[in-house]
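Structure first, then comments.
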Amino acid sequence: MSDVVVIGAGLAGLVAALRLARAGKSVTLTTKGPGGLHLSQGTVDILGYTPERVSAPLDAVASVPAGHPYASIGAEAVGSAVSWLAEEFGPELLTGDPARNFQFPTAVGALRPTALAQPSMVAGDAVGGKSYAVVGVRQLKDFPADLIAGNLARSKAPDGGALSAHSAWIDLPARKGEADPTPLTYARAMDDQSFAATFAKAVGAVAGKADVVALPAVLGSKRRDVWRQVADQLGRDICEIPLPPPSVPGIRLYDALLAMVRAAGVRFIQGSRIVSFTPGGDGVASVTLAAAGGPRHLKAASFVFAPGGFESGALDVDSFGTITEPVFGLPLTATDAGPLIPSDYWGPHALFEVGVRTDDAGRPIDAAGAVVHTNLFVAGGIIAGCERWREKSGDGIAVATAVRAADHITGGAR
Amino acid sequence: MKRLDTDVVVIGGGSTGLGVVRDAAMRGYRAVLVERVDLGQGTTGRFHGLLHSGGRYVVSDPGSATECAEENAILRRIQASAVEDTGGFFVTLAGDDPAYADKFLAGAKATGVPASEISVKEALRREPRLDPHIQRAIEVADGSVDGWQLVWGAARSAEAHGAKVLTYHRVTKIERDGDRVAAVICRDEKGGEDVRINCTFVLNCAGPWAGQISEMAGAHPVEVVPGRGIMIAMNHRLVNTVINRCVYPTDGDILVPVHTVSIIGTTDIHETDPDHLPIPHNEVQQMLDAGEAMIPGFRKARALHAWSGSRPLIKDKRVSVEDTRHMSRGMAVIDHSTRDGLMGMLTIGGGKLTTYRLMAEHIVDAMNDQLGENRPCTTADEVIPGSEDRKLYTVTHRLEDREEDRLDDQIICECELMNRSMFVRLLEEQPNATLDDLRRQLRLGMGPCQGGFCAARAAGLACSEKAIDAERASGLLRLFLKHRWIGIWPILYGQQVRQTALDHWIFAGTLDVEHLPQPEEEIVR
């Protein structure tokens with residue numbers, strides 16, 4: 001038996017487990033898969049759009065509407081939770097100021113706000129007058145350099161100044177005879193210093209003049225200073241642009257967090273799903289793991305449920321349109337998906353705001369406001385109140401709600 | 001205004017129009033086909049993919065049954081690359097009247113539709129997902145057919161015989177010289193100019209839009225009653241054989257394995273406007289119930305996409321009952337000279353995709369008669385380009401191809417195994433195409449992720465191949481996402497919710513497509 005069982009190994013679950021372990025709790029972290037960080041852009045968003053573009057995210061957090069996950073937390077707590085995590089990662093992995101957003105080019109050439117970023121991305125911040133050389137790799141199909149450069153060149157920086165950009169390509173297989181490698185293949189190849197040097201040389205030969213050389217985010221998997229090596233060799237700033245999954249920057253964060261969690265003594269179970277629970281007293285006594293050999297019951301004094309949202313299957317819609325949370329059967333903000341799915345692709349998709357409502361401690365509550373289980377806390381994507389991908393707030397919500405849950409379990413210990 | 005001179009203008013780029021332009025060109029007529037959008041974007045692209053064995057009509061419509069059986073065999077011969085030989089079963093479900101199967105067998109014998117009863121055990125052995133409580137099973141020669149491969153194949157055949165096929169040419173006016181048709185005026189929607197096509201004959205193959213076309217020629221509008229039906233593509237091949245319910249034809253009684261999916265259909269609701277076909281919630285539920293009746297657990301399977309198509313049913317009181325020479329079951333050729341005193345124009349309606357070649361033969365025969373020509377139809381004998389090897393399509397074709405080239409080429413759409421060369425080749429041929437136009441021919445974005453991974457790649461690739469600039473590429477990406485959504489939101493449940501959330505994380509979360517710089521004008525084609 002552990003003090004706490006944490007369910008889910010996305011950003012929320014990992015952060016909750018780390019925070020609890022740092023506070024001296026014995027923690028079991030159980031997860032079906034490797035969590036959502038592999039799908040992320042590898043930065044920490046706090047709030048990017050309200051829907052207007054946000055430059056000062058904590059100010060924007062302070063004025064979210066009631067019902068938003070941030071509303072019951074407050075800007076100060078969000079800022080301190082994110083800053084704590086940045087310190088845990090250290091400046092080699094995460095840098096920036098939670099009070100200010102970067103505006104980074106995306107892999108189609110839009111400008112995307114985010115708060116904390118990996119140092120390899122920082123030079124991409126769009127300020128008026130900046131010029132980009134976007135260099136693609138022929139073998140890497142998810143970094144369309146011409147599209148990115150074309151869109152940047154017709155964009156204005158958020159400060160109103162013009163941007164300029166051009167594209168170029170290199171032809172450099174990561175592994176001989178492989179026409180269709182993933183970004184991971186490149187990232188692993190870059191861990192080899194000599195391949196990174198060959199890459200930088202090829203980029204230097206085609207990049208042309210520009211303030212920043214924009215490259216696909218594949219600059220190293222284990223080795224953290226590949227970007228610096230490339231920048232030094234090129235003699236100018238570079239920026240990594242995150243790609244669609246599998247996300248190398250996301251995996252870097254995952255690997256680092258998991259290593260910290262393990263080093264802090266957390267017991268880690270991966271590969272099976274939590275399928276149900278056993279009540280005890282006015283709370284949860286144990287959760288049931290559908291392990292290969294048969295069900296196993298994980299007992300604890302407290303539970304942190306951080307399973308993600310619709311994307312992970314933590315929230316389910318059946319063919320009749322009924323929305324459920326299958327493990328605990330938690331009360332949701334809506335149960336009929338039908339009216340929440342609009343015919344307009346670009347409009348708000350209210351279905352994805354559905355989730356669990358919580359009290360100020362992060363415990364699920366029912367429609368009458370009563371706490372469902374006194375020792376069950378939720379964190380991350382399962383919490384109701386916003387479309388995270390649209391407003392760019394998923395990471396901040398995950399971190400802030402995970403820290404809230406952990407701190408309530410440890411009695412406010414910091 | 002650009003000018004063209006031709007003998008025949010064929011209006012409508014669905015299967016009927018393409019069959020007709022091919023037939024006319026093969027008989028030596030100079031022919032031009034005009035289509036207001038892309039080929040196969042109307043009814044032809046919005047059906048369930050069934051190549052009829054004729055079985056469906058052996059009791060209700062024996063004439064159609066015989067035609068289907070004959071045309072089925074012809075299409076397998078001339079257009080093999082568009083046809084998969086899935087075979088079909090007519091099954092009597094637990095609650096259905098088992099006596100209908102006897103009527104069915106008798107009807108099949110009378111109409112020449114190959115059919116033979118097999119044991120329930122054998123049917124279940126071959127299709128293990130079928131409800132084990134079925135009472136009877138009859139095997140027929142159903143297949144599945146790709147409507148887009150079919151029309152593009154016919155287009156290439158027609159072009160090889162000298163015809164012109166003009167997509168995105170919307171008819172704006174039909175000019176007359178007295179009581180004769182003289183010219184068709186079109187708007188070239190992509191080129192942005194008007195085109196005048198002088199002609200001696202117009203063949204109206206506009207399907208559900210045929211009424212609008214006949215009106216433009218100053219004829220009494222042909223009465224078209226669009227019969228709307230919805231279809232749902234389920235992920236994977238839940239069955240590998242077409243499953244029909246052995247009952248008098250009704251709603252939701254067929255499941256067709258096509259490419260990587262299985263399609264359930266369909267409903268039949270009269271609509272007034274073929275441009276606005278809804279996918280109502282109650283009909284989706286009706287289809288899921290129908291699926292569940294044939295395949296227990298159907299509701300737990302993953303629905304990928306839904307669409308709504310319109311049958312071109314013509315109910316025309318003006319057609320004289322004597323005028324049956326060029327009519328056959330389920331299809332009708334309307335002669336505007338006797339009906340409206342307008343020379344040089346015929347309209348065709350009804351029919352089905354399986355009999356598209358025969359429909360063309362009928363209307364071009366009718367044109368021959370009016371022109372006093374005697375040029376025989378040869379369309380049943382000549383193999384269509386792309387099918388020269390006479391190899392019927394199989395679902396593993398692309399896998400076989402990728403096994404060949406996987407070390408040399410990138411896969412752009414993993415779900416449908418579409419590689420970079422396929423995309424670039426078609427883009428070179430059709431540089432003005434939208435991603436949807438390319439999708440119809442390549443199946444880009446039609447698999448489980450519905451474009452989640454390949455849509456941005458395709459836009460990027462189009463931009464890199466210098467076919468289009470970043471503004472157009474971004475506009476096409478936005479358009480593609482918007483169009484895909486039309487068929488996703490009505491069936492958004494189960495695993496597809498999970499997929500949609502992931503796709504939203506990619507497009508909004510990672511790529512922020514919502515905040516791409518806005519085009520000066522929203523790109524719509």
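FYI, side chains are in, hydrogens and waters are out, and symmetry mates aren't considered; it's all heavy atoms of this structure. So that the names make sense, note that chain A is the first sequence line, chain B the second, and so on, each numbered from 1. Computed from a predicted model, the values in this text were never measured in an experiment.
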Picking from [options], which has the most non-hydrogen pairs under 4.5 angstrom with chain B?
options	result
Ala153(A), Pro181(A), Ser312(A)	Ser312(A)
Asp316(A), Thr106(A), Asn151(A)	Asn151(A)
Gly150(A), Ala110(A), Pro105(A)	Ala110(A)
Gln41(A), Glu391(A), Arg154(A), Gln139(A)	Arg154(A)
Phe352(A), Phe310(A), Trp346(A)	Trp346(A)
Pro245(A), Pro244(A), Gly136(A), Gly177(A)	Pro245(A)

Could you tell me which portion of [X] (side chain, backbone, both or neither) has an atom closer than 4.5 angstrom to a non-hydrogen atom of chain B?
X	answer
Tyr49(A)	side chain
Leu243(A)	backbone
Asp318(A)	backbone
Leu140(A)	backbone
Ala337(A)	neither

Exercise for review: Go through Leu407(B), Thr500(B), Leu481(B) and name the one with the most non-hydrogen pairs under 4.5 angstrom from chain A.
Suggested key: Leu481(B)

Revision key, fill the gap. From the list Asp409(B), Ile411(B), Ile491(B), the residue making the most non-hydrogen contacts under 4.5 Å with chain A is Ile411(B)

Check your understanding: Between Arg406(B) and chain A, which part of the residue has a heavy atom less than 4.5 Å away: side chain, backbone, both or neither?
Key -> backbone

Exercise for review: Measure distances from Ile506(B) to the heavy atoms of chain A and classify the residue's part below 4.5 Å as side chain, backbone, both or neither.
Suggested key: side chain

**Study point:** chain A contact residues among residues 294-301 of chain B, heavy-atom distance under 4.5 Å
**Key:** Arg299(B)

Revision key, fill the gap. Ordered numerically, the heavy-atom neighbours of chain A under 4.5 Å found in residues 509-525 of chain B are Gly509(B), Thr510(B), Leu511(B), Asp512(B), Val513(B), Glu514(B), His515(B), Leu516(B), Pro517(B), Gln518(B), Pro519(B)

Review point. Do the non-hydrogen side-chain atoms of Val497(B) and Leu351(A) ever get within less than 4.5 Å of each other?
Key: yes

Quick one: pull up [atom1] in [X] and [atom2] in [Y] and give me the separation to the nearest 0.5 Å.
X	Y	atom1	atom2	value
Leu147(A)	Ile468(B)	CG	CD1	8.5 Å
Ser343(A)	Lys482(B)	OG	NZ	10.5 Å
Trp389(A)	Phe507(B)	CH2	CZ	13.0 Å

Exercise for review: Take the angle between the ring planes of Trp485(B) and His349(A) and call it parallel below 30°, perpendicular above 60°, tilted in between.
Suggested key: parallel

Which atom of [X] lies closest to which atom of [Y], heavy atoms considered:
X	Y	answer
Asp408(B)	Ala179(A)	C-CB, 3.5 Å
Leu492(B)	Val317(A)	O-CG1, 4.2 Å
Trp505(B)	Gly394(A)	CH2-CA, 4.3 Å

Practice item. If a pair satisfies salt bridge (charged side-chain N to carboxylate O under 4.0 Å, His left out) and one of its residues is in residues 334-351 of chain A, list it, with sequence neighbours excluded. Key: none

Point to revise | Pairs where residues 141-152 of chain A contributes a residue and the test salt bridge (charged side-chain N to carboxylate O under 4.0 Å, His left out) is met, not counting sequence neighbours | key: Lys141(A)-Asp180(A), Lys141(A)-Glu414(B), Asp142(A)-Arg457(B)

Exercise for review: Would you sort out whether His483(B) and Tyr345(A) count as a side chain to side chain contact (heavy atoms under 4.5 Å, CB included), showing the intermediate values?
Suggested key: CA-CA 8 Å; His483(B) 284 170; Tyr345(A) 179 76; over 6 Å; no

